[in-house]
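Data first, discussion second: the structure below is written as structure tokens.
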There are 2 protein chains.
Amino acid sequence: MHYTHLVFYIFERIHFEVFWIIMNRTYKQIQQITLAVDCIIFGFDTNKLEVLLVHRGFEPEKDRWSLMGGFVGNNEDLDKAANRVLCDLSGLENVYMEQVRTFGKANRDPYERVVSTTYSALILKKDYRAELISEYRAEWFSINNLPDLIFDHKDMIVSAIQRLRRRVRTVPIGFNLLPEKFTLPQLQKLYEGILGEQIDKRNFRKKLRTMDFLIRLDEKDKSQSKKGAFLYRFDEKEYNKAKSFNI
Amino acid sequence: MHYTHLVFYIFERIHFEVFWIIMNRTYKQIQQITLAVDCIIFGFDTNKLEVLLVHRGFEPEKDRWSLMGGFVGNNEDLDKAANRVLCDLSGLENVYMEQVRTFGKANRDPYERVVSTTYSALILKKDYRAELISEYRAEWFSINNLPDLIFDHKDMIVSAIQRLRRRVRTVPIGFNLLPEKFTLPQLQKLYEGILGEQIDKRNFRKKLRTMDFLIRLDEKDKSQSKKGAFLYRFDEKEYNKAKSFNI
DNA sequence: CCAAATGAGTGTAATGCATACACTTAATAA
DNA sequence: TTATTAAGTGTATGCATTACACTCATTTGG
């Protein structure tokens, strides 16, 4: 075969292949999109609400902070993806996360089109193994003092905080953060930390007194005061009988 | 340049381009997913809440009903996609829809992997041009009497109803469904229809009396009774001053 | 023209819930 | 014994929610 023919043949192949590939990609581009999950992990220790962020040590957006995020696999439940990503990036397992909302502006990620569904959880900081923090360059930040975040991650955190505060008042998720036996001052500090506001002790306790699923034990915890504070436990069965929860 | 060099140059280019494109596609195929939006359109005329569904005249799932759904384009905002799909399938334009939640179980659609974000709106049935109903085989169904729906569309409707009922109590979305001038009996019927429960007339009006953005006019509507009912209007500016809304 | 019918409009009492607010108690350590 | 520390308790007030029944204005038909 003459070189000239070969060159034309090659050009034709290129034309055909590129046409096919481009068409195929174009068609797929209409309908297939990279789908991500981003996890907003709220952490609480004794008084403040913080959020776990990871440091980007690479370009693009080097040295900024981001939520723990990753892509959704093709045969993976969205909920499962959120848990996998969280585990991959933090070692946290069996964390109950709830979907917050989906962020889908075409240009929210300026590098490529990614639609991201956010999930949120509330955990105790001490349950997070400290060694993983350095490994993944993750850090806790007070929700009142967030660093510079990539993309729309700040909006994601804000909407997750709103949801958390609404939810913590109507569902007893706060009790999951306390040990089996806890004191009322502990519980109050928890709510104050999450809601970001002070609560009157007497009014708070008055409301709790109406909740039959809070059982006072005959033990006291003396670690915080000389007098000691009565320990309580959360009774699951009683709670299921109750219709409402509201703090 | 000699042909030989050109050929090798071309081969090199092909190698590079194809490698890049293949890698890129492979990378994308792992992570790209068909993303859909489904619209839950609640319609109200005078007393009942209904939802707009389309009949599937084709396999698979022929003769079952579904929400109005479609795929999200690659350069299309998620919110915009919802509006486009709604318009394509119903002719409804400028409908303000809000995101409800995203359904992402791997097998929710047994035919292919599709993640779907739901959007919901509340409109007046009469604003929907009737001729489009037959064209698209769409029909209104009472929310208490839904037909057999494909996939998880029933769950989608249920979660949208919950959200709508929560929202209609805290944001004055109901007023959008009424004409400029409306009567209090009309307003009450609207709320009763959406909430699915009876409301005491005196208590309802007592609450409305505290809302400064409801302005009573010096006109009456006599179409519903011999006595006639006073017309009111919703004052946007006064509402913006107000901090709260709660019915 | 009077009676019946229809839907519009109004008020009060009781109860529960949210808020504001200050002192006493138990225990320990100095 | 006294000082310190945090735990624990009650009341009064206002505001919102609920339950509840009659009068009013107008039209229609006898």
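All chains are named by letter (A, B, ...) in the order of the sequence lines, taking the proteins before the strands, and each is independently numbered beginning at 1.
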Checklist entry - CZ of B:R205 versus C1' of D:dT18: gap in Å, rounded? => result 18 Å

Item to check | Closest to the B:K201 side chain, choosing from C:dA8, D:dG8, D:dT17 | outcome: C:dA8

Checklist entry - Of A:K189 and B:D200, whose nearest nucleotide on DNA chain D comes first from the 5' end? => result A:K189

Item to check | A:F245 and A:Y191 aromatic ring geometry - parallel, tilted or perpendicular at 30°/60° bounds | outcome: tilted

Checklist entry - Does the base of D:dA25 carry an N or O that pairs as donor and acceptor with the side chain of B:K227 under 3.5 Å? => result no

Item to check | Mutual orientation of the aromatic rings belonging to B:Y239 and B:F213 [parallel < 30°, tilted 30-60°, perpendicular > 60°] | outcome: perpendicular

Next on the checklist: Hydrogens and angles aside, do B:S223 and B:D221 bring a side-chain donor and acceptor to less than 3.5 Å of each other?
Outcome noted: yes

Checklist entry - Side chain of A:K206, base of D:dT11: donor and acceptor closer than 3.5 Å? => result yes

Checklist entry - B:R216 has a side chain; which of D:dG8, C:dT10, C:dG7 sits nearest to it? => result C:dT10

Checklist entry - Which part of the nucleic acid does B:K222 contact within heavy-atom distance under 4.0 Å: base, sugar-phosphate only, or nothing? => result sugar-phosphate

Item to check | Donor-acceptor pair present, A:K226 side chain and D:dT4 base, under 3.5 Å | outcome: yes

Item to check | Spacing between B:N246 atom CG and C:dA18 atom P, to the nearest angstrom | outcome: 13 Å

Checklist outcome for this item: Rounded to whole Å, CD1 of A:I199 lies from P of C:dA18 at a distance of 13 Å

Checklist entry - Between B:G228 and B:N203, which is nearer to the 5' end of DNA chain C once each is assigned its nearest nucleotide? => result B:G228

Item to check | Nearest-angstrom distance from the residue atom CD of A:Q198 to P of C:dA20 | outcome: 13 Å

Checklist outcome for this item: Considering only heavy side-chain atoms of A:K207, the closest of D:dC20, C:dA22, C:dA18 is C:dA18

